[in-house]
K.L.:
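Below are the structure tokens for one structure; questions will follow.
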Amino acid sequence: MSWSSVSPDQAEILPGRLFGPELIAKRFGLLKDAIPGLSRVAALWHPGAYGQRTIQGMLRETETAAHALRLHLELVPAVGPGDLEAAFVTMTREHAEAVIQLPSPMLFAEHKRIVELGAKTRLPAMYAAREFVEDGGLMSYGVSFPDLWGHLATYVDKILKGANPADLPVEQPTKLEFVFNAKTAKELGLAIPRELLLLADEVIE
């Protein structure tokens, strides 16, 4: 992963850059490439994940990306872990053909359960982190969180050695990873185009 630095006064806009809005169109595109006949998509989101500005940006970009690909979009909220099962019931009731998971710490913490619910409902899904795919989800496009936490450790080291946190530049990743689970695709009966598999940074067999 490579990184770029921004000044501390730009930190306010980092949540959107790091976790969501400008990545959403790419996620929709990859999902549509995997399922060419796709027409109805559900977006699983957590209303309390980030600040209002970031959440509004994520939802706006989600709607824009779906519209650009002529996809019918159903926004399905999950306020807490207890809402996840009902969220997937809503998706199936609304005849969703696939799911996109919007970034959220709560949803990430529940990734095993979300993948299980996706498998139970047989809904192909695009996730925001590779951990979902490692547990059996179909595909992900986003930041490598282990690498992110490792880079954070270097900041902690600088601070412990006397650096002023306010003087340190805020860094963000500039390289993202596309991870695909071929076994899950087979279980879902999806014939994935070879061109898409060649784009993946990693294919889990």
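Position 1 is the first residue of the sequence, and the numbers go up from there.
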K.L.:
Could you state the interatomic distance from CG (L198) to CD (E195), rounded to the nearest 0.5 Å?
P.N.:
7.0 Å
K.L.:
Looking only at heavy atoms, which two atoms of A25 and A65 are closest? And how far apart?
P.N.:
CA-CB, 3.8 Å
K.L.:
To the nearest 0.5 Å, what is the distance between CD on E134 and NE2 on H111?
P.N.:
8.0 Å
K.L.:
Please enumerate all residues that pass side-chain contact (heavy atoms from CB on, under 4.5 Å) together with R122, with sequence neighbours excluded.
P.N.:
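By the side-chain contact (heavy atoms from CB on, under 4.5 Å) rule, R122 matches L188.
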K.L.:
Report the residues that fulfil ring-ring contact (aromatic ring centres under 6.0 Å, His included) with H46, sequence neighbours left out, ordered by chain and then residue number.
P.N.:
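None.
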K.L.:
Does V79 belong to the same Ile/Leu/Val/Met/Phe/Trp/Tyr cluster as L117, with side-chain heavy atoms less than 4.5 Å apart forming each link?
P.N.:
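As far as the 4.5 Å side-chain criterion goes, L117 and V79 are not connected within one cluster.
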K.L.:
Under the side-chain contact (heavy atoms from CB on, under 4.5 Å) test, which residues partner E116, sequence neighbours left out?
P.N.:
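With neighbours one apart ignored, the set is empty.
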K.L.:
With side chains defined as the heavy atoms from C-beta onward, is the minimum distance between F132 and V179 less than 4.5 Å?
P.N.:
no
K.L.:
Would you check if the side chain of R27 reaches a backbone N or O of Y141 as a donor-acceptor pair within less than 3.5 Å?
P.N.:
yes
K.L.:
Side chains of M91 and T121, heavy atoms from C-beta outward: is any pair under 4.5 Å?
P.N.:
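Side-chain contact under 4.5 Å: no.
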K.L.:
F28: what forms a ring-ring contact (aromatic ring centres under 6.0 Å, His included) with it, not counting sequence neighbours?
P.N.:
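ring-ring contact (aromatic ring centres under 6.0 Å, His included) list for F28, sorted by chain: empty.
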K.L.:
Quick one: side-chain contact (heavy atoms from CB on, under 4.5 Å) partners of L75, sequence neighbours excluded?
P.N.:
A43, W45, L59, T62, E63, L73
K.L.:
How many angstroms lie between atom CZ of R194 and atom CG of L196, to the nearest 0.5 angstrom?
P.N.:
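Answer rounded to 0.5 Å: 12.0 Å.
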K.L.:
Tell me which pairs pass salt bridge (Lys or Arg N to Asp or Glu O under 4.0 Å) where either residue lies in residues 96-112, with sequence neighbours left out.
P.N.:
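For residues 96-112, and leaving out neighbouring residues, the salt bridge (Lys or Arg N to Asp or Glu O under 4.0 Å) pairs sorted by first residue read K112-D135.
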K.L.:
If only atom types and distance count, is the side chain of R113 paired as donor or acceptor with the main-chain N or O of P81 below 3.5 Å?
P.N.:
yes
K.L.:
Treating D201 as the side-chain partner and F178 as the backbone partner, does any N or O pair qualify as donor plus acceptor under 3.5 Å?
P.N.:
yes
K.L.:
Before giving the answer on side chain to side chain contact (heavy atoms under 4.5 Å, CB included), spell out for V76 and F88 the whole-Å C-alpha distance, their side-chain angles and the decisive distance to 0.1 Å.
P.N.:
CA-CA 8 Å; V76 182; F88 276 86; over 6 Å; no
K.L.:
If every non-hydrogen atom of L44 is compared with every non-hydrogen atom of L107, which pair is closest and at what distance?
P.N.:
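Scanning both residues completely, I find the closest heavy atoms to be O-CD1, 3.9 Å.
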K.L.:
Can you check whether Y50 reaches M58 side chain to side chain, under 4.5 Å on heavy atoms?
P.N.:
yes
K.L.:
If I compare all heavy atoms of T184 with all of G136, which pair ends up nearest, and what's the gap?
P.N.:
OG1-O, 2.7 Å
K.L.:
Once you round to the nearest 0.5 Å, how far does CG of N181 lie from CZ of R130?
P.N.:
11.0 Å
K.L.:
Looking at every heavy atom in both S140 and A129, which two are closest together, and how far apart are they?
P.N.:
CB-O, 3.3 Å
K.L.:
Hey, mind stepping through V99 and L31 against side chain to side chain contact (heavy atoms under 4.5 Å, CB included) and telling me if it holds?
P.N.:
CA-CA 9 Å; V99 183; L31 185 60; over 6 Å; no
K.L.:
Would one find more than 12 heavy atoms of other residues, nucleotides or ligands at under 6.0 Å from atom CD of E94?
P.N.:
yes
K.L.:
Are any non-hydrogen side-chain atoms of I204 and K183 less than 4.5 angstrom apart?
P.N.:
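Heavy-atom side-chain distance check fails, nothing below 4.5 Å.
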K.L.:
So, H67 side chain and T64 main chain: donor-acceptor pair closer than 3.5 Å or not?
P.N.:
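Between the backbone of T64 and the side chain of H67 there is no qualifying donor-acceptor contact (under 3.5 Å).
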K.L.:
Between CG of D33 and CG of L38, what distance do you get to the nearest 0.5 Å?
P.N.:
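One gets 10.5 Å once the value is rounded to the nearest 0.5 Å.
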K.L.:
Are H95 and E74 close enough that some pair of their side-chain heavy atoms sits under 4.5 Å apart?
P.N.:
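No; the side chains remain at least 4.5 Å from each other.
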K.L.:
Could you report the tightest heavy-atom contact between A125 and L138, atom names first, then the distance?
P.N.:
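Looking at all heavy atoms of both residues, the closest pair is O-CB, 3.4 Å.
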K.L.:
In the single-linkage hydrophobic clustering (I, L, V, M, F, W, Y; side-chain heavy atoms under 4.5 Å), do V115 and V89 co-cluster?
P.N.:
no
K.L.:
To the nearest 0.5 Å, what is the distance between CE (M126) and CD1 (I24)?
P.N.:
11.5 Å
K.L.:
Return the minimal non-hydrogen interatomic distance between M139 and V133, and the atom names on each side.
P.N.:
C-CG2, 3.4 Å
